[in-house]
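Below is one structure, written out as structure tokens, with a few remarks after it.
Worth saying up front: this structure is predicted, and the values here are computed from it rather than measured.
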Amino acid sequence: MGFQDVMKQMFLRIAAGDVEPEEWEQWWNSNKTGLEENLTRGDRGRMMPALWSASYYWMSKTQSGVAYYFHAQGRPVKTSGYYEEKAREEEIRDRQKALEAYHRKTASARHLWEEYLEKHPTETISFDWKSLLGTPPGQKPAKVFSYKNARTTEQWKECGEELKLRLKENLQAKIAPVTKAYGMKKAGPKTFVRERNGLVSRIQFIGYFRGGGYEAIICYLCPIYAIQYGILGLPGHVSQGEYFQKMHNGWGVIEYGGEAVDASAVESINGKFDDILTFLADGMLPEWQKIDSLETYFAKERRDYLKATEKGPNDPRTGRPMWNLDTEGKPDPWRADDYLFGVWDLLSGREKEGYARLENCVQCNAEYMEERLKERPEAYNDSRDPMAVMYHNAQLFIRTKENTDGEKRRNAIRETYEEVCRFMRYYHGLAKKTERE
């Protein structure tokens with residue numbers, strides 16, 4: 001039997017999924033000369049890519065190359081799903097190992113944060129959110145469409161109305177109950193908010209600008225005086241981990257309104273809301289529940305833990321971090337953190353540090369904000385213009401520095417804080433519209 005026959009027999013075994021990665025690597029390395037003589041450069045590259053290593057993921061690539069080789073010869077072969085199945089198992093196993101290593105690496109910071117929480121216990125919410133998964137109770141039967149993609153204005157309207165109905169059903173059946181269990185109230189048809197001890201938590205579904213479903217979900221927990229940008233957030237594995245990634249994968253099913261919302265689409269919408277519910281109920285909301293005061297929000301133990309979890313472990317497939325929230329020392333371009341910590345420093349009696357931070361916030365991009373306020377003089381009263389609101393708030397706090405008497409200055413800081421919070425309750429959706437001079 002000539003080498004070409006031996007080679008094809010090996011290729012057929014790969015198509016059938018009968019060759020393990022180590023065997024293939026050894027065979028390839030032992031027959032390089034014959035392979036170079038009998039295969040084109042393209043075939044060699046498809047069967048043994050430059051980054052190939054002995055794994056099932058790369059064996060599935062080799063199998064694809066083999067299938068292409070036979071197809072090009074006019075002899076298509078049926079391929080086994082063995083390598084793809086083993087590759088999925090391999091990836092799950094490798095990701096689990098990477099995450100375990102990540103949790104070991106961050107254990108020290110986590111333990112200090114957990115010790116802090118033991119000394120500052122909060123109410124634990126017990127809620128059977130898993131009972132909400134699946135088909136919403138009383139969901140209307142799926143509509144039958146005579147088309148798949150909307151072409152006419154009437155079809156676009158029909159698809160959009162049906163999509164909004166399914167979104168509303170899921171929002172009321174899944175998101176509303178779990179947010180209510182955590183003390184949040186509705187601030188609109190798609191918004192849920194809560195105020196507790198100087199903190200605000202907010203969950204909002206943003207409508208797709210072309211009239212479809214939901215473009216995104218915005219979630220934040222911050223002091224009432226702050227805006228939602230540049231703030232202390234959640235641990236990386238909660239804010240960007242498995243539940244978050246699963247929630248965002250395939251988000252388009254609840255975003256675009258140009259396809260028929262038939263039985264299959266309704267099932268997909270129900271499933272996507274299951275993903276959203278899981279992210280909220282098994283990740284974000286319990287983490288928020290641990291933080292019941294400004295002192296806990298700004299606790300050094302919490303900040304250290306968040307810093308330790310900013311960068312995720314490397315993805316076994318890509319070699320890149322699974323998530324990376326590390327700004328690598330680069331300041332927020334709007335200096336929202338300076339405002340956040342500056343006000344907290346003033347409230348905590350660290351006036352020198354607080355005023356320095358606030359002045360840095362105001363000086364940064366001051367020219368832009370001046371031009372912005374010339375265009376829209378009332379922007380600092382508009383909840384849709386968070387940067388103008390933040391800069392105005394920072395300026396109000398800076399003005400308290402003009403009081404040379406320490407007691408009067410501290411009173412002015414407290415009064416300014418109360419006045420800013422009064423407006424920010426409207427900003428966050430906690431109160432009706434509030435104007436200020």
Side-chain angles (χ1 to χ4, degrees), residues 102-125 182-184 193-203 219-241 280 282-312 323 325-327 329 331-332 335-358 360-361 390 393-394 397 410 413-414 417-418 420-421 424 428 430:
Y102 157 82
H103 286 299
R104 287 194 298 270
K105 182 180 178 181
T106 59
S108 177
R110 184 181 70 252
H111 289 158
L112 292 175
W113 169 231
E114 290 173 347
E115 288 176 1
Y116 176 93
L117 291 174
E118 288 179 2
K119 298 175 184 176
H120 303 81
T122 59
E123 177 188 4
T124 301
I125 302 298
Y182 279 86
M184 303 183 79
V193 294
R194 172 184 179 176
E195 177 182 349
R196 180 171 67 160
N197 299 332
L199 295 166
V200 58
S201 50
R202 181 180 173 106
I203 298 172
C219 309
Y220 64 83
L221 169 72
C222 69
I224 292 174
Y225 67 78
I227 63 172
Q228 65 269 31
Y229 301 109
I231 59 175
L232 294 174
L234 295 163
H237 56 273
V238 176
S239 64
Q240 298 286 318
L280 296 177
D282 203 25
M284 190 188 76
L285 288 170
E287 198 70 27
W288 279 0
Q289 185 64 16
K290 299 174 184 177
I291 306 163
D292 68 343
S293 68
L294 290 173
E295 288 75 16
T296 299
Y297 184 87
F298 287 102
K300 182 179 183 302
E301 292 83 353
R302 178 171 178 260
R303 285 184 283 139
D304 289 345
Y305 180 44
L306 293 177
K307 183 66 178 176
T309 63
E310 282 182 335
K311 193 171 183 179
W323 65 85
L325 305 173
D326 186 4
T327 59
D332 167 42
R335 301 301 190 271
D337 281 337
D338 280 329
Y339 170 67
L340 174 72
F341 285 97
V343 174
W344 176 241
D345 283 338
L346 292 186
L347 296 176
S348 303
R350 297 182 293 272
E351 294 183 10
K352 182 179 178 180
E353 295 87 344
Y355 285 123
R357 285 182 179 273
L358 291 168
N360 186 49
C361 172
M390 180 187 72
N393 291 350
F397 280 105
R410 285 187 288 275
I413 290 172
R414 177 55 60 179
Y417 171 74
E418 296 296 340
V420 166
C421 286
M424 295 303 287
H428 294 298
L430 294 164

message = Less than 4.5 Å apart, side chain to side chain, heavy atoms only: is that true for I203 and L285?
response = yes

Side-chain donor-acceptor distances from residues 220-228 under 3.5 Å, at least two apart:
{"unit_1": "Y220", "atom_1": "OH", "unit_2": "H428", "atom_2": "ND1", "d": "2.8"}
{"unit_1": "Y225", "atom_1": "OH", "unit_2": "L340", "atom_2": "O", "d": "2.6"}
{"unit_1": "Q228", "atom_1": "OE1", "unit_2": "Y427", "atom_2": "OH", "d": "2.7"}

Side chains of L112 and D304 in contact at under 4.5 Å (non-hydrogen atoms) = no

ask   = Where is the tightest heavy-atom contact between R194 and L430, given as atom of each residue plus distance?
value = C-CD2, 3.8 Å

key: Parallel, tilted or perpendicular, as decided by the 30° and 60° cut-offs, for the rings of H237 and W323   = tilted

key: side-chain contact (heavy atoms from CB on, under 4.5 Å) between Y182 and Q289, worked out   = CA-CA 8 Å; Y182 279 86; Q289 185 64 16; 3.7 Å; yes

inquiry  = I need the minimum non-hydrogen distance between L294 and W344, along with the two atoms involved.
reply    = CB-CZ3, 3.6 Å

message = Run F298 and S348 through side-chain contact (heavy atoms from CB on, under 4.5 Å) and show every step you take.
response = CA-CA 11 Å; F298 287 102; S348 303; over 6 Å; no

query = Mind checking whether R196 and S201 have side chains closer than 4.5 Å, heavy atoms only?
reply = no

key: Value rounded to 0.5 Å, distance of CH2 in W113 from CD in E301   = 8.0 Å

Straight-line distance of L117 CG to Y305 OH, nearest 0.5 Å = 10.0 Å

remark   = Here the pair of heavy atoms bringing F397 nearest to I413 is CE2-O, 4.0 Å

request  = For residues S239 and L325, report the shortest heavy-atom separation together with the two atoms involved.
outcome  = OG-CD1, 3.6 Å

Expected output: side-chain N197 to main-chain D292 donor-acceptor under 3.5 Å = yes

request  = Could you tell me which non-hydrogen atom of G198 sits nearest to which non-hydrogen atom of Y417, and how far apart they are?
outcome  = CA-OH, 4.4 Å

key: Rounded distance (nearest 0.5 Å) linking atom CD of E310 with atom CD of Q240   = 11.5 Å

key: Qualifying residue for side-chain contact (heavy atoms from CB on, under 4.5 Å) with Y339, from N393, I231, N360   = N393

message = Could you measure the distance from the NE2 atom of H103 to the CZ atom of R110? Nearest 0.5 Å is fine.
response = 7.0 Å

inquiry  = Could you measure the distance from the CZ atom of R414 to the CZ atom of R410? Nearest 0.5 Å is fine.
reply    = 12.0 Å

Full working for side-chain contact (heavy atoms from CB on, under 4.5 Å) between M284 and L234 = CA-CA 8 Å; M284 190 188 76; L234 295 163; 3.5 Å; yes

Heavy-atom check, side chain of K290 versus side chain of T296, under 4.5 Å = no

task = Please name all residues satisfying ring pair (Phe, Tyr, Trp, His ring centres under 6.0 Å) with Y297, sequence neighbours left out, ordered by chain then number.
result = none

inquiry  = Quick one, E195 with V200, criterion side-chain contact (heavy atoms from CB on, under 4.5 Å). Give me CA distance, side-chain angles, the key distance, then yes/no.
reply    = CA-CA 5 Å; E195 177 182 349; V200 58; 5.5 Å; no

ask   = So, do T122 and H120 sit near enough that their side-chain heavy atoms are less than 4.5 Å apart?
value = no

inquiry  = To check you understand the geometry: which heavy-atom pair defines the closest contact between A394 and L358, and what is its length?
reply    = CB-CD2, 4.1 Å

request  = Would you confirm whether T309, through its side chain, and G236, through its main-chain N or O, come within 3.5 Å as a donor-acceptor pair?
outcome  = yes

task = First locate atom CZ of R357, then atom CG of D345, and finally report the distance between them rounded to the nearest 0.5 Å.
result = 5.5 Å

